[in-house]
Amino acid sequence: MPLVKLDADDLTNIFQELEKNCAVHQPVFDSSGQIIDCLLLAWNSFFADKRNYEVRHGQSMVEFYADPDEALKVVNKVWIEGSAQQEFNPSQTRSNNHYCGSENYVVEVFWQKIAGHIVELSGPHSSAHQSVDAKLEVIEIEHDTETRAQLSDERNRISRDLHDSVIQQIYAATIGLKRSISSIQDLSTKENIEKVIQMLGDVIVSIREEVMGISEGPIDDIENEVRKIAKIYTGNSDLAVFVTCEGELHIPSGVAAHVRLVLKEATSNAVRHGKASRIDVSFEKNNEQFSMKFTDNGIGFGNTPKAGNGLENMKFRAQSLGGSMNVLNHNLGTTLNWAVPSNNMNWRE
Amino acid sequence: MTTEKIGIVICDDHELVRESLSLYLSEVPGFEVLGTAHNGEVLLELLKSTRPDIVLLDVQLVDESGLDILRSVREFNASQAVIMLTTFKSDSVLVDAYESGAAAYLLKSAHLDEMLLTIRNVAKGERPFDSGEVLHAMKRLDETGLNLIKTLDETDRSILRELAKGSSDQHIAAVVFLSVQTVRNRVSRLLRRFGRDNRTQVAVFLAALPEGTL
């Protein structure tokens with residue numbers, strides 16, 4: 001049974017197209033767990049048309065059904081076993097004026113328990129339950145998928161909310177530190193506090209990354225990936241991002257992890273140290289190699305690239321895959337070429 | 001050159017953030033914090049008595065959307081400059097903030113200098129939105145919407161057709177033969193799947209679709 005709270009109206013709506021009687025009931029239990037009545041939750045027009053009385057929400061089965069004892073027996077069976085079939089002749093019940101039409105006919109009723117509801121379907125066709133069976137299966141699968149999607153939505157929302165408040169607190173702490181810095185005379189203390197602010201900033205970025213779901217897996221939409229990463233590092237909206245890629249590009253997860261981290265380092269360098277307002281990233285893959293060219297219009301590193309800006313790290317990542325990296329400072333900014341062989345096993349998965 | 005200070009009002013439901021921002025900004029030369037608010041109602045009251053150059057407004061307050069507050073502020077004073085502050089960027093919020101007349105959209109980050117710069121620029125009358133980013137966000141939202149429509153059943157399509165016309169939930173319920181509550185559930189499920197926060201955005205998107213798409 002899928003983990004869903006089915007909406008009775010939804011069910012009726014789905015069954016409407018079956019052109020059969022359909023009703024959804026809410027069971028009423030006694031203290032021993034026995035079903036002693038069922039209340040009508042939803043029904044379709046065929047169900048209402050067949051009846052001589054006015055069908056209303058919450059109507060009791062005991063009060064309105066022609067043979068309530070038999071109906072409750074079936075319902076209890078359905079509750080335990082999941083489904084049941086019943087043959088029913090309206091003309092042989094206590095009050096046949098319950099139903100329209102006076103001819104003597106047998107109705108086949110198919111009962112099913114769906115997510116806490118009792119669903120009743122009936123029609124004069126003997127094959128009714130087969131189509132219904134198939135239909136129910138489809139509904140269960142659909143609702144199951146939907147519920148899973150909803151659960152995951154919900155989980156994401158909660159995670160976002162939780163992280164939101166954590167980020168707010170760190171943000172507030174950062175502001176507090178920033179505020180106190182102006183009154184500090186000692187230069188090394190000042191520097192230390194700046195470092196702490198930077199660290200807290202990195203914590204915020206990491207949490208944001210985590211929540212925004214930049215993580216594992218292969219890359220199929222490289223442009224989207226670059227933009228997602230750029231979004232993390234741009235506090236303000238003024239970084240223009242241009243991505244070019246020759247043909248379809250699928251980067252398997254083994255290489256994708258490195259590509260993401262290199263993109264992050266490069267973007268972070270461009271924005272934080274280079275004060276760039278634009279990045280151009282291009283990708284190319286041929287039989288020999290996969291290459292990534294990252295250009296920004298920032299102020300660059302000057303002639304002596306400082307350690308700790310991640311360049312060594314990016315280089316090491318390329319080398320670990322048998323590739324290489326070079327950095328070029330030019331008057332328009334910085335260009336980084338990162339390339340790895342495309343014929344080794346990292347590209348097969 | 002005027003020596004007048006840039007007057008700022010802060011609206012954020014997170015007390016720590018509100019207080020530390022207020023203390024920090026009031027110590028920045030050339031800035032003056034005129035007041036703080038923890039919700040939209042207090043903010044609007046504050047705007048009646050003060051005339052700030054800038055309103056710093058959190059996007060997501062408890063039980064209240066900063067975007068709704070933004071719209072009421074702009075309704076109260078169409079020329080009020082508002083800078084939206086957010087912990088997470090999202091396409092729909094970016095587009096909504098832009099269309100609702102925000103002056104800028106800032107991430108809460110440790111780069112406080114950026115915030116100071118943005119405040120100064122907005123006070124000068126600039127609107128530092130990256131039009132490229134807004135366009136991209138719009139494009140992504142539209143793609144999501146078009147892909148989604150392909151997968152919808154007839155009931156959901158009927159609901160969308162009514163949404164595009166601006167129908168009420170009651171009216172939609174009557175058209176698709178479902179209860180109002182079911183319609184509400186379905187509408188919010190659809191909005192979530194469209195990645196949009198409010199039905200007006202979806203209605204505008206749907207109304208712009210070529211005839212026969214739905």
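The sequence lines fix the lettering, A, B, ..., with proteins before strands; numbering per chain opens at 1.
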### Message
Looking at chain A, which one of B/L23, B/L16, B/L21, B/L112 has the largest number of heavy-atom pairs inside 4.5 Å, strictly under?
### Response
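Maximum pair count with chain A is reached by B/L23.
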
### Task
For residues B/E162 and B/S167, report the shortest heavy-atom separation together with the two atoms involved.
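Distance-wise, the nearest heavy atoms are OE1-OG, 2.8 Å.
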
### Closest heavy-atom pair and its distance - A/R56, A/W43
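That would be C-CH2, 3.7 Å.
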
### Message
Quick check on the interface: out of A/D164, A/T174, A/I204, who has the most heavy-atom pairs with chain B under 4.5 Å?
### Response
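The option with the most such pairs is A/D164.
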
### Task
Tell me, out of A/Q169, A/R179, A/K178, A/Q198, who's got the most heavy-atom pairs with chain B below 4.5 Å.
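Going by pairs under 4.5 Å, I would pick A/R179.
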
### Message
Please check this pair: side chain of B/R127 against backbone of B/A102, looking for a donor-acceptor N/O pair closer than 3.5 Å.
### Response
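Answer holds: yes.
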
### Task
Without swapping roles, check the side chain of A/N297 against the backbone of A/S277 for a donor-acceptor pair under 3.5 Å.
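Yes, because the side chain of A/N297 sits within donor-acceptor range (under 3.5 Å) of the backbone of A/S277.
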
### Query
Is it true that A/D296 and A/R278 make a salt bridge, defined as a side-chain N closer than 4.0 Å to a carboxylate O?
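Salt bridge between A/D296 and A/R278, a charged N being under 4.0 Å from a carboxylate O: no.
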
### Task
Select one option (side chain, backbone, both, neither) describing which atoms of B/D13 are under 4.5 Å from chain A's heavy atoms.
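Nothing of B/D13, per the 4.5 Å heavy-atom cut-off to chain A.
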
#### Entry: Contact class of B/D58 relative to chain A, heavy atoms under 4.5 angstrom
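Answer is side chain: those atoms of B/D58 sit under 4.5 Å from chain A.
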
